[in-house]
Amino acid sequence: MTNKLDTSDRSEGDRARSRAYQLEFWPAMMAYAVVLTGVLLWGDLDGGSPWRFLWAVLPVIPTLWIVRAVLRHARRSDDYQRLLMLQALAGGFAVAMIASVTMAFLEIAGLQLTGTGWLIYAAGMLGWILTGAVAGRR
């Protein structure tokens with residue numbers, strides 16, 4: 001009777017929550033890709049028009065949909081999944097903060113880097129992924 005509880009297979013509830021998340025997350029990612037493509041093609045971000053700043057922030061709009069999908073997924077998750085998610089987010093946040101402070105000190109020391117924001121973003125995402133993988137293996 002209890003051997004069904006000891007399997008590592010995902011339950012029907014887990015699969016349903018995952019499907020709901022996928023149905024909300026991937027359309028948002030598609031919208032982001034479409035908007036980002038439009039911005040890169042027609043935004044003239046290197047130009048001199050003041051409209052380029054509006055173009056530059058346009059991809060933020062679909063990312064709000066992604067945030068909504070992630071928050072709804074966290075709300076639907078059970079306590080254990082929520083704990084794993086929290087550990088992964090905490091790891092990613094800590095890595096992003098350390099990367100941010102490190103970049104700030106390097107800039108104070110005179111190092112001029114372009115794309116600092118992207119480096120911090122990449123460090124945070126990598127921290128999130130690695131922490132999530134490690135937390136999930138325990």
Participant: Is there a donor-acceptor pair closer than 3.5 Å between any side-chain N or O of Ser77 and the backbone N or O of His73?
Facilitator: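 It does hold such a pair.
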Participant: How many angstroms lie between atom CD1 of Ile120 and atom CD1 of Ile98, to the nearest 0.5 angstrom?
Facilitator: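 The CD1 atom of Ile98 is 12.0 Å from CD1 of Ile120, to the nearest 0.5 Å.
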Participant: Does any non-hydrogen side-chain atom of Tyr21 lie less than 4.5 Å from one of Val70?
Facilitator: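 Side chain of Val70 against side chain of Tyr21, heavy atoms only: contact under 4.5 Å found.
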Participant: Take atom CE of Met97 as the centre, draw a 6.0 Å sphere, and report whether it contains more than 12 heavy atoms from other residues, nucleotides or ligands.
Facilitator: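 Buried by this count: over 12 neighbours within 6.0 Å.
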Participant: Please round to the nearest 0.5 Å and tell me the distance separating atom OG1 of Thr37 and atom CH2 of Trp42.
Facilitator: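 Answer rounded to 0.5 Å: 8.5 Å.
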Participant: Membership question, hydrophobic clusters at under 4.5 Å side-chain separation (ILVMFWY): are Phe53 and Val39 in the same one?
Facilitator: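 No, it is not one cluster - the side chains of Val39 and Phe53 are not joined through contacts under 4.5 Å.
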Participant: With a 3.5 Å distance limit and no angle check, can you tell me whether Ser18 reaches the backbone of Asp14 through a side-chain donor-acceptor pair?
Facilitator: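 Between the backbone of Asp14 and the side chain of Ser18 there is no qualifying donor-acceptor contact (under 3.5 Å).
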Participant: Can you name the nearest heavy-atom pair linking Leu84 to Ala135, along with the distance?
Facilitator: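 Heavy atoms of Leu84 and Ala135 come nearest at CD2-O, 3.3 Å.
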Participant: Using a 3.5 Å distance criterion without hydrogens, assess whether the side chain of Arg72 forms a donor-acceptor pair with backbone atoms of Ala69.
Facilitator: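 Side chain of Arg72 to backbone of Ala69: no pair is present.
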Participant: Going by heavy atoms in the side chains, are Trp55 and Leu58 under 4.5 Å from each other?
Facilitator: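 They are in side-chain contact.
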Participant: Phe25, Val60: one ILVMFWY side-chain cluster at the under-4.5 Å cut-off?
Facilitator: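 No, Phe25 does not connect to Val60 through the hydrophobic network.
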Participant: Can Trp118 be reached from Leu113 by stepping across I, L, V, M, F, W or Y side chains whose heavy atoms are under 4.5 Å apart?
Facilitator: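 No, Leu113 does not connect to Trp118 through the hydrophobic network.
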Participant: Quick check: do Gln81 and Arg17 have side-chain heavy atoms less than 4.5 Å from each other?
Facilitator: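 Yes; the side chains approach each other to less than 4.5 Å.
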Participant: Salt bridge or not between Arg76 and Glu24? Use side-chain N to carboxylate O under 4.0 Å.
Facilitator: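 Salt bridge flag = yes for Glu24 with Arg76.
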Participant: Could you tell me if the side chain of Thr116 sits less than 4.5 Å from the side chain of Met103, heavy atoms only?
Facilitator: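 Sidechains of Thr116 and Met103: in contact.
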Participant: Let me confirm one number: the CH2-CD distance from Trp128 to Gln87, rounded to the nearest 0.5 Å.
Facilitator: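 Taking CH2 in Trp128 and CD in Gln87, the distance rounds to 14.5 Å.
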Participant: Any donor and acceptor pair, going by atom type alone, linking the side chain of Thr63 with main-chain N or O of Ile66 inside 3.5 Å?
Facilitator: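 Between the backbone of Ile66 and the side chain of Thr63 there is no qualifying donor-acceptor contact (under 3.5 Å).
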Participant: If I take atom CZ from residue Arg82 and atom CG from residue Leu86, how far apart are they, to the nearest 0.5 angstrom?
Facilitator: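 So the gap between those two atoms works out to 10.5 Å.
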Participant: Distance check, rounded to the nearest 0.5 Å: Thr102 atom OG1 versus Leu111 atom CG?
Facilitator: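 With rounding to 0.5 Å, OG1 (Thr102) is 12.0 Å from CG (Leu111).
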Participant: Should Leu89 and Thr131 count as side-chain neighbours, where that means a heavy-atom distance under 4.5 Å?
Facilitator: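 No; the side chains remain at least 4.5 Å from each other.
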Participant: Under a single-linkage definition using a 4.5 Å side-chain heavy-atom cutoff for Ile, Leu, Val, Met, Phe, Trp and Tyr, are Leu41 and Ile61 assigned to the same hydrophobic cluster?
Facilitator: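 The answer is yes; both residues are in one hydrophobic cluster.
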Participant: Can you name the nearest heavy-atom pair linking Ala99 to Ala123, along with the distance?
Facilitator: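 So the minimum-distance heavy-atom pair works out to CB-CB, 3.8 Å.
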Participant: If only atom types and distance count, is the side chain of Arg68 paired as donor or acceptor with the main-chain N or O of Leu64 below 3.5 Å?
Facilitator: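 Judged by distance alone, no pair lies under 3.5 Å.
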